[in-house]
Amino acid sequence: MTFEIPGGAAHILRVLTDAGYEAYLVGGCVRDMLRGVPAHDWDVCTAARPEETEACFAGQRMIETGLKHGTVTILEEDGAYEVTTYRTDGRYSDGRRPDCVRFVSRLEEDLSRRDFTMNAIALSRDGTLRDPFGGEADIRAGRIRCVGDPDRRFQEDGLRLMRALRFSAVFGYAIESKTAQAIHQNRAMLDCVAAERVNAELSRLLTGPGAGEVLREYPDVFCRFWPQLGPLVTLEQNNPWHCWGGWEHTIRALEAAPDDLVLRLAMLLHDIGKPACKTTDEAGVDHFYGHPAVSAELADEMLRALKFDNAVRKQVTVLVKYHDVPLEPRSRVVRRWLNRLGPEMFFQLLEVKRADSMGQDLAQTAERRRRLEEVRAKTEEVLAQKQCFSLRDLAVDGRDVLAAGIPPGPAVGRVLNAVLEQVLNGGIPNERPVLLTLVAELAEAAPGA
Ligand code: ATP
Ligand code: MG
């Protein structure tokens, strides 16, 4: 196999080896090359001590921020490269960076501190792989396996648990059984991982093609940082629409959604309020009245706990809140929703509703999806025709209202909204003369409005 190494990385390897130091590409870039996908960051490891690395690149720009951990960032023409001295790690107390590191002289020692076999492969300038833990074979088999004893490795650093699940979801790799068992057993290690770090891994995991499978296999891990998922995982739903329990329904709905973070989060959380709303009627059928509002509240709390940003949190909670509303393919209905959510979010709501129905009995819900397609087509028509659905599109504005004799102040907004209301309803067209007449009537009926 030949590898395409960017010029900057090749230059760094050459300078270090010419100076007599071992130097290798290592970690994610080697893994990605072996997987046959583009690599995104090119890390170099070397036997040279940090000050020796700096001496090799004297005269070149570099950044010393990682010096404590043995990392010098070298700025090449095509980008920045981290060059790290072979090291072993001390204790991890922040779940990411070890408190202290010890420089070592053997590559194998450096590779043995790395999390998974696929991430513990080094590649030299001349294309030789150093792969003491069988990472290449694991990549070929699509397998995630800890370097060394899985229990110990997860106990050192709880973030590795989430990394394993994320790699599994994104690459579609299976997690080797001892590693998998250790993930379940050590899930409490997540308690010491910062919410931001869990968030970063979770966000990548949920948008991966294997996200559903990971949720199916590791609900206990997800419940560790989001205990609110617990009752959903065990929820049974005896209801003609539902052929699945709450968790399997959620997973199928998530799998049916596009791989967009907001949509995937909305699907994961759309029914989170169901357990709290469950009632069973005399016929033994389960109902979940009012669950969307309860789900939206719980989702808000959960997204805050994991420090999702405000924009994501707001979009997700709105989609959760409205995921169950009935929609009809009529201009009037569509204009109201466009007014409430705006086009982008309304199209997202259609995706959510489609995905939700995919998590139910497919034959029974086919008609529902056909209707949703009609709503989408109608929405596109309303937008293409530039129909009015917001104050901004109205053929009159505040100046017209003032000119009709309404005094400046909140009354102006009230009149405009009353006009918009009629246009949304389809009672009158969005045409200036018609609207001016209406404004005049409203001004006359209530001069102070
Ligand atoms: P990606 O960059 O695609 O997310 P990556 O494996 O390159 O994946 P980085 O965070 O860039 O992830 O880490 C680079 C390398 O450092 C990894 O390949 C692995 O060898 C090592 N590594 C990263 N995080 C850990 C960890 N928590 N424990 C042990 N080794 C780690
Ligand atoms: Mg990386």
Side-chain angles (χ1 to χ4, degrees), residues 260 262-263 266 290 292-293 295-297 299-300 303-304 308-354 371-449:
D260 165 88
V262 164
L263 291 174
S295 295
E297 247 174 66
D300 188 77
L303 295 168
R304 275 178 202 277
F308 278 92
D309 65 49
N310 287 342
V312 168
R313 184 166 52 78
K314 283 192 182 129
Q315 288 180 67
V316 172
T317 50
V318 166
L319 293 169
V320 169
K321 179 172 162 196
Y322 294 123
H323 80 267
D324 217 20
V325 293
L327 293 175
E328 285 170 82
R330 288 161 54 196
S331 307
R332 176 141 60 102
V333 173
V334 165
R335 283 195 299 265
R336 285 230 166 265
W337 281 103
L338 288 174
N339 173 254
R340 187 176 288 161
L341 300 182
E344 196 187 340
M345 186 115 79
F346 185 57
F347 281 120
Q348 284 189 317
L349 181 64
L350 295 179
E351 294 283 5
V352 164
K353 292 183 72 66
R354 200 191 70 86
R371 290 275 284 184
L372 280 172
E373 276 318 302
E374 284 179 22
V375 175
R376 179 191 304 281
K378 183 56 80 180
T379 308
E380 271 153 14
E381 182 187 303
V382 165
L383 291 171
Q385 292 172 348
K386 298 203 184 324
Q387 291 188 26
C388 164
F389 59 83
S390 72
L391 283 178
R392 218 171 3 145
D393 313 324
L394 213 53
V396 291
D397 61 18
R399 278 166 307 198
D400 301 312
V401 177
L402 292 172
I406 300 283
V412 177
R414 279 200 292 275
V415 168
L416 284 173
N417 276 304
V419 174
L420 175 64
E421 194 54 30
Q422 296 212 28
V423 173
L424 287 176
N425 262 332
I428 51 171
N430 184 31
E431 287 163 11
R432 202 168 152 72
V434 182
L435 300 195
L436 285 174
T437 311
L438 178 60
V439 168
E441 279 168 22
L442 289 168
E444 198 167 321

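Just so it is clear, the model here is predicted, and its values are computed rather than measured.
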Listed partners of E380 passing salt bridge (Lys or Arg N to Asp or Glu O under 4.0 Å), at least two apart:
none
Pairing residues for E381 by the salt bridge (Lys or Arg N to Asp or Glu O under 4.0 Å) criterion, not counting sequence neighbours:
K378
W337/V375 under side-chain contact (heavy atoms from CB on, under 4.5 Å): CA gap, chis, key distance, verdict:
CA-CA 11 Å; W337 281 103; V375 175; over 6 Å; no
Answer whether the closest heavy-atom distance between the side chains of [X] and [Y] falls below 4.5 Å.
{"X": "L402", "Y": "P408", "value": "yes"}
{"X": "D397", "Y": "L391", "value": "no"}
{"X": "L394", "Y": "V419", "value": "yes"}
{"X": "L420", "Y": "C388", "value": "yes"}
{"X": "F346", "Y": "N339", "value": "no"}

Can you name the side chain to side chain contact (heavy atoms under 4.5 Å, CB included) partners of [X], sequence neighbours left out?
{"X": "V262", "answer": "D260, V312, Q315, V316, L319, Q348"}
{"X": "R336", "answer": "E421, L424, N425"}
{"X": "V318", "answer": "Y322, L341, M345"}

Filter on salt bridge (Lys or Arg N to Asp or Glu O under 4.0 Å), then keep only pairs touching residues 310-325, sequence neighbours left out; what's left?
D300-R313
Set of side-chain hydrogen bond (donor to acceptor under 3.5 Å, both in side chains) partners for [X], sequence neighbours left out:
{"X": "E351", "result": "none"}
{"X": "R392", "result": "none"}
{"X": "R354", "result": "none"}
{"X": "Q422", "result": "none"}

Hey, could you give me each pair passing side-chain hydrogen bond (donor to acceptor under 3.5 Å, both in side chains) that has a residue in residues 427-442? Not counting sequence neighbours.
D400-R432
Keeping to residues at least two apart or across chains, list the side-chain hydrogen bond (donor to acceptor under 3.5 Å, both in side chains) pairs with something in residues 382-391.
R335-Q387, Q385-Q387, S390-D393
Taking all non-hydrogen atoms of both residues into account, name the closest pair between [X] and [Y] and its distance.
{"X": "V320", "Y": "P292", "result": "O-CB, 3.9 Å"}
{"X": "E374", "Y": "P329", "result": "OE1-CG, 3.4 Å"}
{"X": "V352", "Y": "A266", "result": "CG2-CB, 4.2 Å"}
{"X": "A411", "Y": "P407", "result": "CB-O, 4.4 Å"}
{"X": "L327", "Y": "R371", "result": "O-NH2, 4.4 Å"}
{"X": "G398", "Y": "L416", "result": "N-CD1, 3.8 Å"}

Could you state the interatomic distance from CZ (F347) to CG (L383), rounded to the nearest 0.5 Å?
5.0 Å
How long is the straight-line distance from CZ of F389 back to CG of L338, given to the nearest 0.5 Å?
5.0 Å
